[in-house]
Amino acid sequence: MYAEETMARPSDTVFEKPSTLRSRVEEYLRTAIMQGRIKGGDRLREHELCEQLSISRPTLREALRTLEAERLITIEPHRGPTVVRITAKAARDLYALRALLEGYAAHEFARLASEADMERLRLAVAALREQAGKGDQAGLLTAKREFYDVLLDGCDNALVKDMLPGLLSRINLLRATSFGSPQRLPQSLTEIDRIFACIKARDPEGAQAAARDHIVNAERTALDVLRRQEAETAQQEAELAAEAPRPGAAR
């Protein structure tokens with residue numbers, strides 16, 4: 001029985017609402033996937049996760065359903081949950097839609113945002129640079145998410161605000177990949193500075209173009225990394241197949 005379910009065991013017993021605990025489990029798994037500690041194609045074994053996190057299976061399954069809705073994992077009958085493996089074709093499709101939505105969001109933010117929204121965006125950009133200086137990938141992904149939260153709040157379009165976060169959840173897999181390229185992070189920060197400069201100048205067309213350029217460059221880097229990873233995986237699988245004993249071979 002799981003009389004107390006906590007991911008970090010505090011010294012004092014604290015009653016925790018199930019929704020709060022579920023959110024913490026979701027964030028733990030999401031972060032593990034983003035950081036590459038759980039890789040595309042890996043199976044999530046429920047029994048092991050329940051023991052590791054000291055949680056019940058119903059709590060874990062609620063969290064997994066959220067990640068499934070974000071399309072970070074798939075849940076198949078008789079196989080269980082598996083982390084999604086992003087292909088090059090899926091990446092191109094995702095980035096094409098991202099360019100349209102984020103370009104529009106940047107355009108509308110520059111046109112409509114209040115001074116308070118502008119200040120929130122400035123702070124979000126500053127936080128990005130701070131996390132980059134620390135070399136903390138988890139903090140960097142959190143700061144990037146805050147940047148988009150502010151951008152979507154200020155663009156004043158409920159449909160874009162509803163659609164883009166689900167898209168970004170899948171792109172987070174690729175964002176973690178592209179951040180893994182040493183050359184990409186400084187370039188990405190420079191591009192975000194350009195987006196903010198255009199927004200601050202109330203230049204909607206410039207902000208839209210800067211956002212699209214940022215996404216095109218992110219896509220190029222992510223696809224390069226994906227191709228290398230796919231080549232490495234294919235080579236490893238070929239080596240394993242070569243080492244496997246052939247049927248009927250002498251032992």
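One-based numbering along the sequence shown.
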Run the side-chain contact (heavy atoms from CB on, under 4.5 Å) test against Ala132 and tell me which residues pass, sequence neighbours left out.
Leu140, Leu185, Leu189
With sequence neighbours excluded, give me every salt bridge (Lys or Arg N to Asp or Glu O under 4.0 Å) pair touching residues 70-82.
Arg30-Glu70
Once rounded to the nearest 0.5 Å, what's the spacing between atom CG of Leu151 and atom CD of Glu146?
11.0 Å
Ignoring hydrogens and geometry, is there a side-chain-to-backbone donor-acceptor pair from Arg202 to Ala110 under 3.5 Å?
yes
Applied to residues 118-131, the salt bridge (Lys or Arg N to Asp or Glu O under 4.0 Å) test, sequence neighbours excluded, yields Glu119-Arg122, Arg120-Asp153, Arg129-Asp193, Glu130-Lys134
Is it possible for you to say whether Leu97 and Leu164 belong to one hydrophobic cluster, with membership spreading through side-chain heavy-atom contacts below 4.5 Å?
yes
Salt bridge check: are Asp149 and Arg145 linked by an N-O gap of less than 4.0 Å?
no
Who passes salt bridge (Lys or Arg N to Asp or Glu O under 4.0 Å) against Glu48, sequence neighbours left out?
none
Can you sort out the partners of Asp203 under side-chain hydrogen bond (donor to acceptor under 3.5 Å, both in side chains), two or more places apart, ordered by chain and number?
none
Contacts of type side-chain contact (heavy atoms from CB on, under 4.5 Å), residue Asn217, not counting sequence neighbours
Arg184, Gln187, Glu191, Arg220
Not counting sequence neighbours, which residues clear side-chain hydrogen bond (donor to acceptor under 3.5 Å, both in side chains) with Arg61? List them please.
Glu46
Residue set satisfying salt bridge (Lys or Arg N to Asp or Glu O under 4.0 Å) with Glu205, at least two apart, ordered chain then number -> none
Partner set under salt bridge (Lys or Arg N to Asp or Glu O under 4.0 Å) for Arg212, not counting sequence neighbours
none
Residues at least two apart in sequence or cross-chain that pass side-chain contact (heavy atoms from CB on, under 4.5 Å) with Ile75, listed by chain then number, are Leu64, Glu68, Ile73, Pro81
Please enumerate all residues that pass side-chain contact (heavy atoms from CB on, under 4.5 Å) together with Glu219, with sequence neighbours excluded.
Arg92, Tyr95, Leu223
Run the salt bridge (Lys or Arg N to Asp or Glu O under 4.0 Å) test against Asp224 and tell me which residues pass, sequence neighbours left out.
Arg227
Is Asp117 reaching over with its side chain to a backbone N or O of Ser114, donor-acceptor style, under 3.5 angstrom?
yes
